[in-house]
Amino acid sequence: YNSFVMDILLKEKRKKIRCVLFDLDGTLMHAHPTFISRYSADVLNALQDKGYYVGFSTGRALTSLGFLLKPGGLRTNTVSIGCAGAEIGPAGEAPGRAVFLRPFPQDTLVEMLETALGFGLRFSLDAHGTLYTSCDLEYFDTYMGNYRRAQDLDVFFPEPTPVPAEELARVADGTVMKPMLWFDDLEQFRLMEPWFTKHPELHYQSSGFNLMEVQTNDVSKAAALEMLTSRLGIRPEE
C-alpha cells in the first residue's frame with residue numbers, strides 16, 4: 001500500500017498534488033497492538049523530503065498522537081485534522097497550539113451524558129488535553145495502555161480522567177471536542193434514538209469497537225479540510 005501511494009504521488013502526471021493527509025485507524029495504523037510501522041513512517045518522511053505537505057485527517061485527538069509518531073521517527077510538516085474535524089493543529093504535541101477548535105455544546109453534552117448513563121451506556125470524551133471517561137476505567141483498557149506507553153516514551157497523552165455521574169457538570173468546561181458513547185450491544189444504544197430525534201442538530205457514526213461518535217452537523221473532516229487548504233493556500237485539486 002505504501003509503495004502504491006509513493007508511486008502515484010511521484011509520477012509526472014501527479015505532480016500537481018502538494019498535500020497528502022492520511023487517516024490513521026485502518027489505514028496507516030495497526031490496531032493490536034497500536035502502532036505505525038517504521039516503513040510507513042519512512043514513506044511519509046520521504047514525501048515531505050520531496051516537498052509535499054504531509055499530515056493526518058483522523059477521528060483521534062491530535063494531542064494523543066505522540067506515542068504513535070515517536071517510535072518510528074514519523075514527523076509531519078503541516079497541521080492535521082483531528083477529532084473528526086473538530087480541531088486543526090499540529091499532531092502529537094501538548095495542548096495549546098491548535099489553530100482551530102470547535103467545542104461540543106456544553107449544555108447539550110451534559111444532557112446527553114445524563115441520558116446515556118440512565119440507559120447504562122458509558123462515555124469517553126476527547127477534550128483538548130484531557131480524556132474524560134465514565135468511572136469504570138477497566139472498560140477503557142486500550143486508552144490506559146496508550147497512556148502508559150506515552151509516559152514511557154516521555155510524550156504527552158491526554159490523561160484518562162474519570163467523572164462520577166453526580167459530577168457531570170465538570171465536563172462542561174468548553175474543551176470537549178468529540179463525545180463517544182460506548183454500549184454493550186447495539187440494542188442498548190438504540191434506547192438513545194428518541195433523544196437524538198429531539199436533537200436534529202447532531203449526528204452520530206460508529207467506527208467500530210461498540211461506540212458511537214457524536215458531533216454537531218457543522219463538524220466534519222470535509223469542512224475542516226476546506227479550512228486547512230485555505231490556510232495552506234492550496235486548491236482542492238492539489
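Predicted model only: the values in this text are computed from it and were never measured.
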Given 3.5 Å as the limit, does a donor-acceptor pair link the side chain of E87 with the main chain of M177, or not?
no
Applying side chain to side chain contact (heavy atoms under 4.5 Å, CB included) between L125 and each of L181, L131, L113, report the one that passes.
L113
Quick check for you: to the nearest 0.5 Å, what is the distance between C19 atom SG and R235 atom CZ?
13.0 Å
Any chance you could measure H128, atom NE2, to R97, atom CZ, to the nearest 0.5 Å?
10.5 Å
In Å, rounded to the nearest 0.5 Å, how long is the span from OG1 of T142 to CE of M144?
11.0 Å
So F67 and F157, ring pair (Phe, Tyr, Trp, His ring centres under 6.0 Å) or not? Walk me through it.
CA-CA 8 Å; F67 84 102; F157 190 90; 5.6 Å; yes
Are V214 and W195 co-members of a hydrophobic cluster defined by side-chain heavy atoms under 4.5 Å apart?
yes
Shared ILVMFWY cluster between L101 and V219, side chains joined below 4.5 angstrom?
no
Short side-chain to backbone donor-acceptor contact, E111 and D107, under 3.5 Å
no
Hey, are N210 and Y139 close enough side-chain-wise for a donor-acceptor pair under 3.5 Å?
no
Taking I81 as the starting point, is it possible to reach L24 by hopping between hydrophobic residues whose side chains are less than 4.5 Å apart?
no
Hydrogens and angles aside, do Q48 and Y52 bring a side-chain donor and acceptor to less than 3.5 Å of each other?
no
State yes or no: do F22 and L62 share one hydrophobic cluster built from I, L, V, M, F, W and Y residues joined by side-chain heavy-atom distances below 4.5 Å, directly or via other members?
yes
Would you confirm whether S206, through its side chain, and L211, through its main-chain N or O, come within 3.5 Å as a donor-acceptor pair?
yes
Can you list the steps and then say if Y143 with T133 is a side chain to side chain contact (heavy atoms under 4.5 Å, CB included)?
CA-CA 10 Å; Y143 282 121; T133 72; 5.7 Å; no
Any side-chain to backbone donor/acceptor pair from D136 onto E138? Under 3.5 Å, distance only.
no
Does Y53 share a hydrophobic cluster with V79, counting links as ILVMFWY side-chain heavy atoms below 4.5 Å and allowing steps through other members?
yes
Rounded to the nearest 0.5 Å, what separates atom CG in N146 from atom CD in Q151?
11.5 Å
Give a yes or no on whether the ring-centroid distance for W182 and F140 is below 6.0 angstrom.
yes
Is there a donor-acceptor pair closer than 3.5 Å between any side-chain N or O of S134 and the backbone N or O of F123?
yes
Gap between atom OG of S124 and atom CG of D126 - 0.5 Å precision:
6.5 Å
Between F189 and Y204, is the ring pair (Phe, Tyr, Trp, His ring centres under 6.0 Å) condition met? List the steps.
CA-CA 11 Å; F189 178 78; Y204 56 83; 5.1 Å; yes
